[in-house]
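This report refers to the structure that appears directly beneath it.
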Amino acid sequence: MQDFETTTENNDSTNEEREPAYVRINAAMKQVFKKFVLFVSFGPGILGFLWLLGKVFKPR
């Protein structure tokens, strides 16, 4: 029969403190903004994007 070690090792990644919420939100918003700029730049372009917004928000 094998003996198993029952002590737990301290894992450094679980003991690290999390970053504050505003830092994580700021990083997420930067990523969203970068993806939006890439979409507008390499997608429909500025005029195409403005045309699309005009079609979506067109008053009826």
Side-chain angles (χ1 to χ4, degrees):
M1 192 163 122
Q2 292 180 333
D3 290 328
F4 293 102
E5 191 172 324
T6 57
T7 59
T8 58
E9 296 179 14
N10 289 338
N11 192 352
D12 291 335
S13 63
T14 58
N15 292 337
E16 292 179 7
E17 292 187 27
R18 293 181 69 180
E19 294 179 333
Y22 70 91
V23 173
R24 289 183 279 135
I25 291 172
N26 191 15
M29 291 305 293
K30 282 183 182 179
Q31 289 294 331
V32 168
F33 182 70
K34 284 181 183 180
K35 289 182 189 240
F36 177 74
V37 168
L38 281 175
F39 170 74
V40 170
S41 297
F42 296 107
I46 298 293
L47 291 177
F49 184 73
L50 291 176
W51 175 83
L52 183 62
L53 281 179
K55 285 289 190 180
V56 169
F57 295 111
K58 180 179 178 182
R60 297 194 182 248

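Keep in mind that this is a model prediction, so the values were computed, not measured.
For residues 31-50, every residue pair satisfying the ring pair (Phe, Tyr, Trp, His ring centres under 6.0 Å) rule, not counting sequence neighbours, is listed here: F36-F49.
In this structure, CG in N26 is found 11.0 Å from CD in Q31, a value given to the nearest 0.5 Å.
In the hydrophobic clustering of this structure, I46 groups with L53; members are Ile, Leu, Val, Met, Phe, Trp, Tyr whose side-chain heavy atoms approach within less than 4.5 Å, directly or through other members. Tracing side-chain contacts under 4.5 Å through hydrophobic residues (I, L, V, M, F, W, Y), one never reaches V40 starting from V32; they form parts of separate clusters.
Under the side chain to side chain contact (heavy atoms under 4.5 Å, CB included) criterion, V23 pairs with E19, P20, sequence neighbours left out.
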